Q: 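Below are the structure tokens for one structure; questions will follow.
Note that the structure is predicted; figures quoted are calculated from it, not measured.
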Amino acid sequence: MNDPRLEGTEIADSVLDLIGNTPLVRMKRISELEGIECVLALKAETTNPGGSSKDRPALEMVLTAEREGLLKPGGTIVEPTSGNTGVGLAIVAAQRGYSCVFVMTDKVAPEKVSLLKAYGAEVVVCPVAVEPDDPESYYSVAERLTNELNAFRPDQYSNPANPQSHFNTTGPELWDQTAGRITHFVAGAGTCGSITGVARYLKSKNPDIKIIAADPEGSVYSGGSGRPYLVEGVGEDFFPAAWEPELLDEIIPISDEESFLTARHVSESEGILIGGSGGMAVAAAVKVAKAAKPDDIVVVFNPDSGRGYLSRVFDDAWMANFGFIRECDQCVGEVLDTRLADIESLLYVNPDQLVSEAIDLMRTNGVSQLPVCKNTPPFAAAEVSGSVDELELMEAIHGDPDVTSTTVDKVMGAKLPTIGVGQKLERAVEMLESAPALLVLSGGRPLSVLTRTDVLTYFTSNANTSNPNTSKGSQNG
Ligand code: PMP
């Protein structure tokens with residue numbers, strides 16, 4: 001649409017014309033602090049109108065669908081999205097007259113739901129803890145709504161317009177902004193649209209440019225089995241269409257803890273507010289940049305802003321509860337330290353083990369309850385599915401002696417309340433008034449079980465000397 005009245009002005013024709021052309025900024029403070037000699041620069045995708053890199057594929061997917069006749073005037077768009085793609089689609093939909101329904105999991109930060117609603121979209125929230133083929137899963141719900149509403153589903157995971165948008169725009173921008181001297185590109189991979197599109201473009205210009213994916217520990221890209229993690233928007237439990245490992249020179253797994261602490265560190269030291277996946281990408285980029293030559297230019301892709309994560313990554317109470325930060329000196333961890341002499345790992349039971357095995361484990365170790373955890377250690381907090389308790393088991397077996405030969409998941413009770421290893425002991429005491437035991441988290445993972453006996457023993461013994469006798473009470477209610 002060429003309106004002659006705009007000629008010679010700097011008035012963009014619509015918000016869609018503001019997508020892309022994001023700035024590249026040097027990370028000078030981080031480089032100084034980390035002893036990095038090369039140029040480390042951040043591609044700041046927050047200046048897109050929707051505040052994230054996802055505006056680019058959103059626009060490309062809608063324009064392609066219009067060209068292909070998949071989206072008719074006044075039509076509806078349905079997409080399962082962690083938020084950023086939803087914002088991009090909502091912006092494009094607003095400009096081009098479509099309605100939007102977004103399907104999200106309950107892992108996503110609540111402010112992201114409010115944000116999509118603010119753009120006039122409808123949001124459906126589904127549980128994260130179900131299998132993809134469960135009718136409640138966000139994949140299944142999106143499928144059903146697409147059919148019911150006769151809607152267009154962009155499916156960012158399989159739509160070639162997603163990587164294509166980054167091939168068309170992000171790649172050329174990076175090449176031009178570095179005067180063709182970029183040597184390394186580091187990005188988190190979610191749908192893989194950004195990394196694949198950029199990689200294909202940059203390698204077409206110079207095949208020696210190294211492409212490095214940052215991946216949450218547990219995700220399949222770095223060899224995990226798709227076990228849960230807390231960083232949002234990146235990593236996967238399956239391989240999407242844009243996964244092209246031959247374009248990647250290296251994949252670096254990064255823990256939730258390192259991702260979140262890096263996001264906070266970058267925000268504080270550079271004045272660039274970034275989210276958890278940006279923190280993950282920067283953590284990987286710092287490792288790459290430390291090993292790079294002084295003349296190299298390492299670019300890290302920052303997909304969105306920390307503003308979307310104020311109630312999580314940037315909330316001290318949330319971070320402390322997962323054991324990512326310490327609140328105090330006299331913390332829960334100190335109680336554990338006094339008794340860890342012979343309790344090195346978490347005692348747990350799998351949901352498919354027999355109740356009799358759980359009883360044996362409790363009896364052998366003299367404990368009164370066990371968390372029920374899926375898989376094998378190290379567990380993610382999301383892999384804890386419940387707990388078994390001697391009192392509840394005793395009652396169940398009293399009612400029906402055959403309970404001992406059923407599986408734990410049939411009889412388990414609620415999950416133990418969680419407390420971070422760096423939270424105040426005072427808080428543990430408060431919580432133990434209503435629960436016999438607490439699950440202690442460190443770095444987002446279950447570390448141990450803290451009982452009333454543990455705290456009592458700590459208070460009555462010399463807290464600063466490790467007394468092996470104090471370990472007797474561990475997990476004992
Ligand atoms: N970080 C965040 C917060 C995201 O929403 C996404 C997109 N899912 C990514 C990173 C990864 O981008 P891509 O899907 O292009 O791999």
Q: Residues two or more places apart in sequence or in another chain: which of them pass side chain to side chain donor-acceptor pair (under 3.5 Å) with Thr64?
A: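 Expected list: Arg67.
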Q: Go through the structure and list residues passing side chain to side chain donor-acceptor pair (under 3.5 Å) with Ser140, not counting sequence neighbours.
A: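 Partners of Ser140 under the side chain to side chain donor-acceptor pair (under 3.5 Å) test: Ser137.
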Q: Are any side-chain N or O atoms of Asp296 and backbone N or O atoms of Lys293, one a donor and one an acceptor, separated by less than 3.5 Å?
A: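 Yes; at least one donor-acceptor contact below 3.5 Å.
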Q: Which residue pairs satisfy the salt bridge (Lys or Arg N to Asp or Glu O under 4.0 Å) criterion with at least one member in residues 371-386, sequence neighbours excluded?
A: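 Passing the test, one end in residues 371-386: Arg227-Glu383.
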Q: Which heavy atom of Val388 sits nearest a heavy atom of Ala358, and at what distance?
A: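 That would be CG2-CB, 4.4 Å.
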Q: Using modelled atom types and a 3.5 Å cut-off, is there a donor and acceptor pairing between side-chain atoms of Glu217 and backbone atoms of Ile254?
A: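 No, Glu217 side chain to Ile254 backbone: no donor-acceptor pair under 3.5 Å.
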Q: Do you know which two heavy atoms are closest between Pro371 and Leu347, and how far apart they sit?
A: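 The pair with the smallest heavy-atom distance is CD-O, 3.2 Å.
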Q: Considering only heavy atoms from C-beta outward, does the side chain of Leu441 approach that of Pro446 to under 4.5 Å?
A: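 The answer is yes, as the side chains (C-beta and beyond) meet within the 4.5 Å cut-off.
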Q: Does a side-chain N-to-carboxylate-O contact under 4.0 Å join Arg427 and Glu327?
A: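 Answer for the salt bridge query: no.
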Q: So, Asn147 versus Glu143: side-chain donor-acceptor pair below 3.5 Å or not?
A: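 No, no side-chain donor-acceptor contact under 3.5 Å.
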Q: Looking at Ile36, is its backbone amide N or carbonyl O close enough to the side chain of Ser31 to form a donor-acceptor pair, meaning the two atoms are under 3.5 Å apart?
A: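 Not at all, since once roles are kept as given, no pair shorter than 3.5 Å links the two residues.
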Q: From the options Val186, Val288, Asp215, select the one residue that forms a side-chain contact (heavy atoms from CB on, under 4.5 Å) with Ile252.
A: Val288
Q: Does any N or O in the side chain of Asn350 come within less than 3.5 Å of the main-chain N or O of Asn375, such that one atom is a donor and the other an acceptor?
A: yes
Q: For Ser259 and Asp256, which I'm curious about, is there any donor-acceptor pair between the side chains at under 3.5 Å?
A: no
Q: Side chain to side chain contact (heavy atoms under 4.5 Å, CB included) with Lys415: which residues, sequence neighbours excluded?
A: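 Lys415: side chain to side chain contact (heavy atoms under 4.5 Å, CB included) contacts with Val384.
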Q: Enumerate the salt bridge (Lys or Arg N to Asp or Glu O under 4.0 Å) contacts for residues 302-319, please, sequence neighbours excluded, ordered by first and then second residue.
A: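 Sorted pair list: Glu232-Arg312, Arg264-Asp316.
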Q: Looking at every heavy atom in both Pro23 and Thr47, which two are closest together, and how far apart are they?
A: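 Looking at all heavy atoms of both residues, the shortest contact is CD-OG1, 3.1 Å.
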Q: Among residues at least two apart in sequence or on other chains, which ones pass side chain to side chain contact (heavy atoms under 4.5 Å, CB included) with Glu426?
A: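 Applying side chain to side chain contact (heavy atoms under 4.5 Å, CB included) to Glu426 gives Lys424.
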Q: Return each pair, listed once, that meets salt bridge (Lys or Arg N to Asp or Glu O under 4.0 Å) where at least one residue sits in residues 269-289; pairs must be two or more places apart or across chains.
A: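 For residues 269-289: Glu258-Lys287.
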Q: Can you see which heavy atom on Pro253 is nearest to which on Ser222, and at what distance?
A: CB-OG, 3.8 Å
Q: According to the side-chain hydrogen bond (donor to acceptor under 3.5 Å, both in side chains) rule, which pairs have a member within residues 234-250, sequence neighbours left out?
A: Tyr157-Glu236, Arg200-Glu244, Lys203-Asp249
Q: Tell me which pairs pass ring-ring contact (aromatic ring centres under 6.0 Å, His included) where either residue lies in residues 187-220, with sequence neighbours left out.
A: Phe167-Tyr201
Q: Side-chain contact test, heavy atoms from C-beta onward, threshold under 4.5 Å: evaluate it for Leu346 versus Arg445 and give yes or no.
A: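 In short, these two side chains do not touch, never coming nearer than 4.5 Å.
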Q: Are the side chains of Ile19 and Pro49 in touch, meaning some heavy atoms are under 4.5 Å apart?
A: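 Ile19 vs Pro49: side chains touch.
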Q: Assert yes or no for the condition that the ring centre distance of Phe314 to Tyr309 is strictly below 6.0 Å.
A: no
Q: Strictly by modelled atom types, are Glu60 and Asn162 linked by a side-chain donor-acceptor pair under 3.5 Å?
A: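 Side-chain D/A pair, Glu60 to Asn162: absent.
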Q: Just so I know, are the side chains of Leu59 and Ser165 near enough to count as touching, which here means a heavy-atom distance under 4.5 Å?
A: no
Q: Does Leu354 offer a backbone N or O that forms a donor-acceptor pair with the side chain of Glu357 under 3.5 Å?
A: yes
Q: For a 4.5 angstrom cut-off between non-hydrogen side-chain atoms, does Val103 reach Tyr138?
A: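 With C-beta onward as the side chain, the pair touches.
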Q: I'd like to check the side chain to side chain donor-acceptor pair (under 3.5 Å) partners of Thr22; sequence neighbours left out, ordered by chain and number.
A: Lys43, Glu45, Arg56
Q: Measuring only between side-chain heavy atoms, which start at C-beta, is Val299 closer than 4.5 Å to Leu174?
A: yes
Q: Does Lys290 have any side chain to side chain donor-acceptor pair (under 3.5 Å) partners at least two apart in sequence or in another chain, and if so, which?
A: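 Partners of Lys290 under the side chain to side chain donor-acceptor pair (under 3.5 Å) test: Glu34.
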Q: Tell me, please, which residues at least two apart from Arg26 pass side chain to side chain contact (heavy atoms under 4.5 Å, CB included).
A: Lys28, Val39
